[in-house]
Amino acid sequence: MRFVDEFRQPGLISKTADEIRRLAGTERHYRMMEVCGGHTHAIYRFGLKDILPENIELIHGPGCPVCVLPMGRIDDGLAIARQPGVIFAAFGDMMRVPGTQGSPLEHKARGMDVRIVYSPSDALKLARLNPDKHVMFFAIGFETTAPSTALTMIRAQAEGIRNFSVFCNHVTIIPAIRAILDSPDMRLDAFIGPGHVSTVIGCRPYEWIAHNEHKPIVVSGFEPLDMLQSIVMLLRQLKAGEAKVENQYKRVVPWEGNRAALRAMAEVFQLRPYFEWRGLGFISQSALRINDKYAEFDAEQRFVVPGIRVTDPKAAQCGEVLKGVLKPHQCKLFGRECTPEHPVGALMVSTEGSCAAYHSYEHRKAAMVTLTA
Amino acid sequence: MCLAIPGKIVEISSENQDSALVEVIGVRRRIDLGLLQDDKPAAGDWVLVHVGFAMSKISEQDAADQMNTLRMLREIDGAMQEVQGYGLEDREIDASRLDYKEPIQ
């Protein structure tokens, strides 16, 4: 009980865990997918699996943007950056992601001008500071980060900046959930919905999951109590034979989302007809490209992009892990060829990737917060 | 990148209403308020910041809870690094305010 009192309403954590046990009973098995990589990290970190009854299985979803990016896109971005006078700018999360000829960080060691930025607006600032260079921002992320990239391009156009472009890899969460539900080897009972993506898109876009697929979904916060309460809400729906969208994270997520952020995205982006996801393959209308109005900032239009497609190493089973068919440790490379120090697959790179989370916490139980309820 | 970092708005720029100075555990950084233009925050309000942009207004209690969650997830260092990174060169750090609790082992 040592750490329970570090959180909001500590007494409620053990009560909520008791309620989960009561509702879950012992008769059937429940498979719930947490869509967001932030939830995956928190589930391992807080050892939530240890306080859940055995018949509740949490399946880790596709919501880690670094993890679902195909290796060919990294190669394409690096190919642009090899052209003279180009600065490659990306979030720190991208720096150790392997391309076929090494990660951005390894390219930096070989002399490429690679800069870590913490905000797309800082990439734009780099462009202002380096008028004789071209700054290409390698944009990744779901709807949480896409509005910031969009607003940065709106600002760049208003300012008339010429030496800035975006290599756009933004993806959208709804088609990924649809692809997972369409996958024949995937059987899920319910979803723990992403928290921060939902601050932007709101809760309405999930309604088809409830109405058409008859699966409950609860948008959840990231604290242990948030996730436990979300599981209670899902179990109550399942027990009652209901399928609704509910919002556990009301203190941050408005039902309608953030309209200003959605407007910024609509101003700059359009849907790609299809996009490749690592582990999930090609998914139609699942990613964003820059529209004609902002074509001057589209790195894919300004530069020659090789359009490289790379198949993942055969032995790596990232796809199966990403779809929740395999647990991370069931992959042949896990913990041997593929470790957080030397990642083969992207799920091992980011702290939000299920393999890295599993490796850090499941392998070293000492690193976990003990949340015995 | 996916971190949601709570910050308190210290001051909104007089020349640019979309630019604000926020404070996150003693670090002051300039962020963009452009994505909150339908529900503009004022000085003293708390916001959740993603990659240098305020994404939602939150209460002071929620800000404290979110900070606690980041600490428990051992992401305080990452959050600090990220916030210090905003704005590239113009740092403004008050070292005396950096005495946050160590991550729990």
Side-chain angles (χ1 to χ4, degrees), chain A residues 2-3 6-8 36-38 41-42 45-46 63-66 91-94 115-122 125-126 129 140-142 144-145 147-152 154-155 195-197 199-200 221-224 226 251-254 258-261 263-264 350-352 366-367 369, chain B residues 1-6 16 18-19 27 29-40 46-75 77-90 101 103-105:
Chain A
R2 189 171 147 220
F3 301 108
E6 297 276 335
F7 285 97
R8 169 201 302 269
C36 168
H41 182 193
R45 173 72 177 135
F46 300 136
C64 161
V66 172
F91 294 137
D93 313 50
M94 277 305 302
R115 315 277 184 101
I116 295 179
V117 291
Y118 294 92
S119 168
S121 59
D122 286 345
K125 193 165 188 177
L126 267 181
L129 294 169
I140 56 164
F142 286 92
T144 325
T145 46
S148 304
T149 306
L151 192 53
T152 301
I154 294 171
R155 303 236 189 277
H196 294 135
V197 160
T199 58
V200 174
F222 295 85
E223 291 176 38
D226 288 331
R251 58 188 198 272
V252 174
V253 173
N258 178 335
R259 291 191 175 188
R263 280 200 306 274
S350 161
T351 53
E352 301 194 345
V369 175
Chain B
M1 164 195 44
C2 290
L3 292 178
I5 306 166
N16 178 1
D18 279 338
S19 173
V27 184
R29 269 288 172 267
R30 209 152 268 294
I31 60 154
D32 197 310
L33 300 181
L35 298 174
L36 287 182
Q37 52 188 253
D38 294 351
D39 185 19
K40 284 210 175 280
W46 287 83
V47 288
L48 270 187
V49 183
H50 284 276
V51 297
F53 291 74
M55 290 298 293
S56 37
K57 286 207 272 188
I58 52 171
S59 71
E60 186 168 4
Q61 181 59 48
D62 289 337
D65 289 341
Q66 173 67 9
M67 218 57 204
N68 191 36
T69 305
L70 289 176
R71 181 167 64 79
M72 298 293 273
L73 287 171
R74 292 189 173 170
E75 278 181 346
D77 291 345
M80 290 294 288
Q81 211 180 12
E82 176 164 335
V83 172
Q84 287 176 19
Y86 297 156
L88 300 170
E89 81 287 3
D90 43 43
K101 282 191 244 168
I104 293 194
Q105 296 302 313

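Residue numbers begin at 1 in each chain, while the letters A, B, ... track the order of the sequences. All values below were derived from every heavy atom in this structure, side-chain atoms included, with hydrogens, water molecules and symmetry-related copies excluded.
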J.: Measuring from atom CG of B:Leu3 to atom NE2 of A:His196, what distance do you get when rounded to the nearest 0.5 angstrom?
T.: 9.5 Å
J.: Please classify the contact between A:Ala264 and chain B as side chain, backbone, both or neither, with a heavy-atom cut-off of under 4.5 Å.
T.: side chain
J.: So which of A:Pro147, A:Cys36, A:Gly38 has the largest heavy-atom pair count under 4.5 angstrom toward chain B?
T.: A:Pro147
J.: Going through the distances and angles, do A:Val252 and B:Gln66 end up as a side chain to side chain contact (heavy atoms under 4.5 Å, CB included)?
T.: CA-CA 11 Å; A:Val252 174; B:Gln66 173 67 9; over 6 Å; no
J.: What's the separation between atom NE2 in A:His41 and atom CG in B:Leu73, rounded to the nearest 0.5 Å?
T.: 5.0 Å
J.: Would you find a donor on one side and an acceptor on the other, under 3.5 Å apart, between the side chain of A:Asn258 and the backbone of B:Met55?
T.: yes
J.: Counting heavy-atom pairs under 4.5 Å to chain B, which of A:Ser119, A:Ser121, A:Gly195 comes out on top?
T.: A:Ser119
J.: Looking at A:Ile140, A:Val197, A:Val200, which one has more heavy-atom pairs under 4.5 Å with chain B than the rest?
T.: A:Ile140
J.: Do NZ/NE/NH1/NH2 and the carboxylate oxygens of A:Arg251 and B:Asp62 come within less than 4.0 Å?
T.: yes
J.: Highest number of heavy-atom pairs under 4.5 Å with chain B: which of A:Gly221, A:Ser148, A:Gly141?
T.: A:Ser148
J.: Given that the side chain runs from C-beta out, which part of A:Pro254 has a heavy atom under 4.5 Å from chain B: side chain, backbone, both or neither?
T.: neither
J.: Quick one: do B:Leu48 and A:Thr199 satisfy side chain to side chain contact (heavy atoms under 4.5 Å, CB included)? Show the steps, please.
T.: CA-CA 10 Å; B:Leu48 270 187; A:Thr199 58; 5.6 Å; no
J.: Who pairs with B:Asn16 by side-chain contact (heavy atoms from CB on, under 4.5 Å), at least two apart in sequence or on another chain?
T.: B:Ser13, B:Asp18, B:Ser19
J.: Output the distance between atom OG1 (A:Thr144) and atom CZ (B:Phe53), rounded to the nearest 0.5 Å.
T.: 13.5 Å
J.: Show, in sequence, the C-alpha distance, side-chain angles and deciding distance for B:Gln81 and A:Tyr118, and conclude whether the side chain to side chain contact (heavy atoms under 4.5 Å, CB included) test is met.
T.: CA-CA 9 Å; B:Gln81 211 180 12; A:Tyr118 294 92; 3.6 Å; yes
J.: Nearest 0.5 angstrom please: B:Arg74 CZ to A:Arg45 CZ, how far?
T.: 4.5 Å
J.: Sort A:Arg115 into side chain, backbone, both or neither according to what part of it lies under 4.5 angstrom from a heavy atom of chain B.
T.: neither
J.: Which pair of non-hydrogen atoms, one from B:Gly34 and one from A:Ala260, has the smallest distance, and what is that distance?
T.: O-CB, 4.5 Å
J.: Should we count CZ of A:Arg155 as having more than 12 external heavy atoms under 6.0 Å?
T.: yes
J.: Given heavy-atom pairs under 4.5 angstrom as the criterion, report whether the side chain, backbone, both or neither of A:Ile154 touches chain B.
T.: neither
J.: Calculate, to the nearest 0.5 Å, the distance between atoms CZ and CG belonging to A:Phe222 and B:Leu70 respectively.
T.: 10.0 Å
J.: If you count heavy-atom pairs under 4.5 Å with chain B, which of A:Gly37, A:Pro120, A:Gly92 comes out on top?
T.: A:Pro120
